[in-house]
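Taking it in order: structure first as C-alpha coordinates, then the write-up.
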Amino acid sequence: MGRPLVVVAVRPEAAHLRDLEADVLLTGIGKVAAAVAVSRAIAERQPSFVLNVGTAGALHDGLEGVHRIGRVLEHDVDHAALGALIGEDISGEVVLDPDEPWVLATGDAFVADEAVRRALAERAHLVDMEGYAVARACQAAGVPCEMVKVVSDTASDDAPTSWQEQADRTARVIAEVVATRLG
(Lines give C-alpha, C1' and ligand atoms only; values in the text may rest on other atoms or scores of the structure.)
Protein backbone atom coordinates (compact mmCIF):
# COMPACT_ATOMS: atom_id res chain seq x y z
CA MET A 1 0.00 0.00 0.00
CA GLY A 2 1.16 3.49 -0.83
CA ARG A 3 0.91 6.72 1.05
CA PRO A 4 -2.39 8.49 1.80
CA LEU A 5 -4.24 10.10 -1.09
CA VAL A 6 -5.68 13.57 -0.49
CA VAL A 7 -8.76 14.13 -2.65
CA VAL A 8 -10.19 17.57 -3.42
CA ALA A 9 -12.60 18.58 -6.16
CA VAL A 10 -11.20 21.79 -7.62
CA ARG A 11 -8.03 23.85 -7.76
CA PRO A 12 -9.28 26.71 -5.52
CA GLU A 13 -9.83 24.19 -2.69
CA ALA A 14 -6.27 22.90 -3.16
CA ALA A 15 -4.63 26.32 -3.46
CA HIS A 16 -2.61 25.96 -0.25
CA LEU A 17 -1.77 22.26 -0.50
CA ARG A 18 1.23 22.76 -2.78
CA ASP A 19 3.60 23.28 0.15
CA LEU A 20 2.60 20.03 1.82
CA GLU A 21 4.22 16.69 1.13
CA ALA A 22 0.96 15.09 0.10
CA ASP A 23 -0.26 13.02 -2.84
CA VAL A 24 -3.11 15.26 -4.03
CA LEU A 25 -5.81 14.34 -6.53
CA LEU A 26 -8.11 16.93 -8.12
CA THR A 27 -11.28 15.13 -9.19
CA GLY A 28 -13.22 17.83 -10.96
CA ILE A 29 -16.82 18.75 -10.19
CA GLY A 30 -19.62 16.25 -9.65
CA LYS A 31 -20.19 12.62 -8.78
CA VAL A 32 -19.13 11.08 -12.09
CA ALA A 33 -15.86 13.02 -12.27
CA ALA A 34 -15.10 12.17 -8.63
CA ALA A 35 -15.92 8.47 -8.95
CA VAL A 36 -13.82 8.07 -12.10
CA ALA A 37 -10.84 10.03 -10.77
CA VAL A 38 -10.78 8.32 -7.36
CA SER A 39 -11.27 4.82 -8.80
CA ARG A 40 -8.44 5.35 -11.25
CA ALA A 41 -6.14 6.85 -8.61
CA ILE A 42 -6.81 3.97 -6.21
CA ALA A 43 -5.98 1.43 -8.93
CA GLU A 44 -2.80 3.23 -9.98
CA ARG A 45 -1.45 4.59 -6.66
CA GLN A 46 -2.81 2.01 -4.19
CA PRO A 47 -3.09 4.49 -1.31
CA SER A 48 -3.14 3.38 2.32
CA PHE A 49 -6.26 5.52 2.79
CA VAL A 50 -8.12 8.39 1.14
CA LEU A 51 -8.61 11.74 2.85
CA ASN A 52 -11.37 13.67 1.08
CA VAL A 53 -11.28 17.34 2.06
CA GLY A 54 -13.22 20.21 0.58
CA THR A 55 -15.99 22.71 0.93
CA ALA A 56 -19.63 22.11 1.71
CA GLY A 57 -22.79 24.13 2.11
CA ALA A 58 -24.42 24.33 5.53
CA LEU A 59 -27.99 23.05 5.60
CA HIS A 60 -28.71 24.44 9.07
CA ASP A 61 -28.48 28.07 10.18
CA GLY A 62 -25.38 28.89 12.20
CA LEU A 63 -23.45 25.81 11.09
CA GLU A 64 -19.83 26.80 10.46
CA GLY A 65 -16.33 25.43 10.69
CA VAL A 66 -14.75 22.04 10.04
CA HIS A 67 -16.66 18.76 10.25
CA ARG A 68 -15.48 15.16 10.07
CA ILE A 69 -18.21 13.26 8.22
CA GLY A 70 -19.68 10.11 9.74
CA ARG A 71 -22.17 9.27 7.02
CA VAL A 72 -22.60 10.43 3.43
CA LEU A 73 -25.71 10.00 1.31
CA GLU A 74 -26.62 10.52 -2.32
CA HIS A 75 -29.54 12.95 -2.28
CA ASP A 76 -30.45 13.22 -5.94
CA VAL A 77 -31.33 9.56 -6.64
CA ASP A 78 -34.51 7.89 -5.40
CA HIS A 79 -32.92 4.68 -4.14
CA ALA A 80 -36.15 3.35 -2.60
CA ALA A 81 -38.10 3.69 -5.86
CA LEU A 82 -35.33 2.12 -7.92
CA GLY A 83 -34.97 -0.71 -5.41
CA ALA A 84 -38.71 -1.37 -5.57
CA LEU A 85 -38.54 -1.36 -9.36
CA ILE A 86 -35.87 -4.06 -9.51
CA GLY A 87 -36.90 -5.94 -6.39
CA GLU A 88 -33.80 -5.44 -4.28
CA ASP A 89 -32.44 -2.93 -1.78
CA ILE A 90 -30.24 -0.19 -3.17
CA SER A 91 -28.22 1.70 -0.62
CA GLY A 92 -27.73 5.39 -1.13
CA GLU A 93 -25.41 5.94 1.80
CA VAL A 94 -21.96 5.07 3.04
CA VAL A 95 -21.11 5.02 6.73
CA LEU A 96 -17.56 6.27 7.18
CA ASP A 97 -17.47 6.49 10.98
CA PRO A 98 -20.53 5.53 13.04
CA ASP A 99 -19.19 7.57 15.97
CA GLU A 100 -19.25 10.83 14.01
CA PRO A 101 -22.66 12.58 13.95
CA TRP A 102 -22.18 14.73 10.82
CA VAL A 103 -24.13 13.72 7.72
CA LEU A 104 -23.18 14.94 4.24
CA ALA A 105 -25.64 14.90 1.33
CA THR A 106 -24.11 14.71 -2.16
CA GLY A 107 -25.74 15.56 -5.47
CA ASP A 108 -24.78 16.83 -8.89
CA ALA A 109 -26.41 20.25 -8.50
CA PHE A 110 -24.85 23.16 -6.61
CA VAL A 111 -27.48 23.84 -3.95
CA ALA A 112 -28.44 27.52 -3.92
CA ASP A 113 -32.16 27.31 -3.23
CA GLU A 114 -33.89 27.69 0.12
CA ALA A 115 -36.58 25.06 -0.57
CA VAL A 116 -33.99 22.46 -1.58
CA ARG A 117 -31.89 23.41 1.45
CA ARG A 118 -34.82 22.88 3.83
CA ALA A 119 -35.67 19.49 2.32
CA LEU A 120 -32.06 18.30 2.53
CA ALA A 121 -31.75 19.59 6.11
CA GLU A 122 -34.23 16.92 7.17
CA ARG A 123 -31.62 14.25 6.34
CA ALA A 124 -28.22 15.93 6.52
CA HIS A 125 -26.12 18.74 7.97
CA LEU A 126 -23.99 19.61 4.95
CA VAL A 127 -24.19 19.32 1.16
CA ASP A 128 -21.54 18.92 -1.54
CA MET A 129 -21.14 17.53 -5.06
CA GLU A 130 -18.47 14.80 -4.75
CA GLY A 131 -18.38 13.22 -1.27
CA TYR A 132 -20.71 10.28 -1.87
CA ALA A 133 -18.86 9.31 -5.06
CA VAL A 134 -15.50 9.42 -3.29
CA ALA A 135 -16.85 7.29 -0.43
CA ARG A 136 -18.42 4.73 -2.82
CA ALA A 137 -15.24 4.43 -4.89
CA CYS A 138 -13.24 3.80 -1.72
CA GLN A 139 -15.82 1.34 -0.40
CA ALA A 140 -15.82 -0.60 -3.69
CA ALA A 141 -12.01 -0.79 -3.66
CA GLY A 142 -11.76 -1.65 0.04
CA VAL A 143 -9.73 1.46 0.81
CA PRO A 144 -10.42 3.34 4.07
CA CYS A 145 -11.87 6.81 3.56
CA GLU A 146 -11.93 9.78 5.90
CA MET A 147 -13.94 12.85 4.93
CA VAL A 148 -13.56 16.36 6.34
CA LYS A 149 -15.64 19.27 5.05
CA VAL A 150 -15.23 23.01 5.61
CA VAL A 151 -18.39 25.12 5.53
CA SER A 152 -18.13 27.65 2.69
CA ASP A 153 -21.71 28.84 2.27
CA THR A 154 -25.31 28.41 3.42
CA ALA A 155 -26.61 26.44 0.41
CA SER A 156 -29.07 29.27 -0.25
CA ASP A 157 -29.44 31.96 -2.92
CA ASP A 158 -26.17 33.67 -1.97
CA ALA A 159 -24.17 30.40 -2.04
CA PRO A 160 -22.28 31.00 -5.32
CA THR A 161 -21.08 34.44 -4.20
CA SER A 162 -20.28 33.22 -0.70
CA TRP A 163 -18.34 30.22 -2.03
CA GLN A 164 -16.18 32.51 -4.18
CA GLU A 165 -15.65 35.04 -1.40
CA GLN A 166 -14.64 32.27 1.03
CA ALA A 167 -12.37 30.38 -1.41
CA ASP A 168 -9.01 31.51 -0.03
CA ARG A 169 -10.09 31.17 3.60
CA THR A 170 -11.50 27.67 3.07
CA ALA A 171 -8.41 26.62 1.09
CA ARG A 172 -6.23 27.65 4.04
CA VAL A 173 -8.41 25.65 6.44
CA ILE A 174 -8.28 22.65 4.09
CA ALA A 175 -4.47 22.86 4.12
CA GLU A 176 -4.50 22.97 7.93
CA VAL A 177 -6.75 19.90 8.05
CA VAL A 178 -4.45 17.98 5.71
CA ALA A 179 -1.30 19.03 7.59
CA THR A 180 -2.85 17.98 10.91
CA ARG A 181 -4.23 14.68 9.61
CA LEU A 182 -1.09 13.65 7.72
CA GLY A 183 1.42 15.32 10.07
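These numbers come from a predicted model, not from an experiment.
V77 and L73 fall into different hydrophobic clusters, where Ile, Leu, Val, Met, Phe, Trp and Tyr are joined by side-chain heavy atoms under 4.5 Å apart, directly or via other members. Using a 4.5 Å cut-off between side-chain heavy atoms of Ile, Leu, Val, Met, Phe, Trp and Tyr, with links allowed through other members, V151 and V72 fall into the same hydrophobic cluster. The hydrophobic cluster containing V10 also contains M129, counting ILVMFWY residues as joined when their side-chain heavy atoms lie under 4.5 angstrom apart, directly or transitively. When hydrophobic clusters are built by joining Ile, Leu, Val, Met, Phe, Trp and Tyr residues whose side-chain heavy atoms come closer than 4.5 Å, directly or via intermediates, V177 is grouped together with L17. Note on L104 and V111: separate hydrophobic clusters, where clusters join Ile, Leu, Val, Met, Phe, Trp and Tyr whose side-chain heavy atoms are under 4.5 Å apart, directly or indirectly.
P47 and V50 get closest at one heavy-atom pair: CG-CG2, 4.2 Å. Heavy-atom minimum distance, S48 versus P144: O-CD, 3.6 Å. The two residues M147 and G131 come nearest to each other via the heavy atoms CE-O, 3.2 Å. Looking at every heavy atom in both residues, A141 comes nearest to I42 through CB-CG2, 3.6 Å. Residues G83 and I90 come closest through the heavy atom pair N-CD1, 3.6 Å.
Put simply, the side chain of L182 reaches to within 4.5 Å of the side chain of P4, judged on heavy atoms. Taking 4.5 Å as the limit, some side-chain heavy atom of V53 sits within range of a side-chain heavy atom of V6. Annotation: side chain of V38 is in contact with side chain of C138 (closest heavy-atom distance under 4.5 Å). You'll find the side chain of I69 stays beyond 4.5 Å of the side chain of V103, heavy atoms only. Counting only heavy atoms from C-beta outward, the side chains of L63 and L59 never approach each other to under 4.5 Å. For the pair S162/T154, no side-chain contact is recorded, criterion being any heavy-atom separation below 4.5 Å from C-beta on. The side-chain heavy atoms of V8 and E130, taken from C-beta on, include no pair separated by under 4.5 Å. Side chains of R136 and V94 form a contact here, defined as non-hydrogen atoms less than 4.5 Å apart.
Taking R3 as the reference, nothing meets the salt bridge (charged side-chain N to carboxylate O under 4.0 Å, His left out) condition, with sequence neighbours excluded. Residues satisfying the side chain to side chain contact (heavy atoms under 4.5 Å, CB included) criterion with A84, sequence neighbours excluded, are absent altogether. Not counting sequence neighbours, the partners of D61 by the salt bridge (charged side-chain N to carboxylate O under 4.0 Å, His left out) test are R117. Shown here are the side chain to side chain contact (heavy atoms under 4.5 Å, CB included) partners of A15, two or more places apart in sequence or in another chain: R18, A171. Residues passing the ring-ring contact (aromatic ring centres under 6.0 Å, His included) test with H75, sequence neighbours excluded: none. D97 is linked by a salt bridge (charged side-chain N to carboxylate O under 4.0 Å, His left out) to R68, counting only residues two or more places apart in sequence or in another chain. Partners of P160 under the side chain to side chain contact (heavy atoms under 4.5 Å, CB included) rule, at least two apart in sequence or in another chain, are F110, A112.
For the ring-ring contact (aromatic ring centres under 6.0 Å, His included) condition, no pair includes a residue of residues 2-59, sequence neighbours left out. Each ring-ring contact (aromatic ring centres under 6.0 Å, His included) pair with one or both residues in residues 113-145, not counting sequence neighbours, appears once here: H60-H125, W102-H125. For residues 170-183, the set of pairs meeting the side-chain hydrogen bond (donor to acceptor under 3.5 Å, both in side chains) definition, not counting sequence neighbours, comprises E146-R181, D168-R172. Listed by first and then second residue, the ring-ring contact (aromatic ring centres under 6.0 Å, His included) pairs that reach into residues 139-183 come to none, sequence neighbours excluded.
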Residue pair D128, K149: steps toward the side chain to side chain contact (heavy atoms under 4.5 Å, CB included) verdict
CA-CA 9 Å; D128 83 341; K149 296 296 176 173; 3.0 Å; yes
Start with the C-alpha distance between S156 and D113, add both sets of side-chain angles, then the distance that settles side chain to side chain contact (heavy atoms under 4.5 Å, CB included), and finish with yes or no.
CA-CA 5 Å; S156 56; D113 177 271; over 6 Å; no
Take V178 and L51 through the side chain to side chain contact (heavy atoms under 4.5 Å, CB included) test and state the conclusion after the steps.
CA-CA 8 Å; V178 172; L51 174 61; 4.2 Å; yes
Run the numbers on T106 and V127 for side chain to side chain contact (heavy atoms under 4.5 Å, CB included), then give the verdict.
CA-CA 6 Å; T106 298; V127 63; over 6 Å; no
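A distance of 12.0 Å separates CG of L82 from CG of D89, quoted to the nearest 0.5 Å.
Within a 6.0 Å radius of CD in E64, no more than 12 heavy atoms belonging to other residues, nucleotides or ligands are found. Around the CZ atom of R40, the shell of radius 6.0 Å holds no more than 12 heavy atoms that belong to other residues, nucleotides or ligands.
Proximity of a side-chain donor or acceptor of E13 to a complementary backbone N or O of A9 within less than 3.5 Å is detected.
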Please set out all donor-acceptor pairs under 3.5 angstrom arising from side-chain atoms of residues 22-35, sequence neighbours excluded.
| from | atom 1 | to | atom 2 | distance (Å) |
| --- | --- | --- | --- | --- |
| D23 | OD1 | R45 | NH1 | 2.8 |
| K31 | NZ | E74 | OE2 | 2.7 |
| K31 | NZ | D76 | OD1 | 2.6 |
| K31 | NZ | D76 | OD2 | 3.4 |

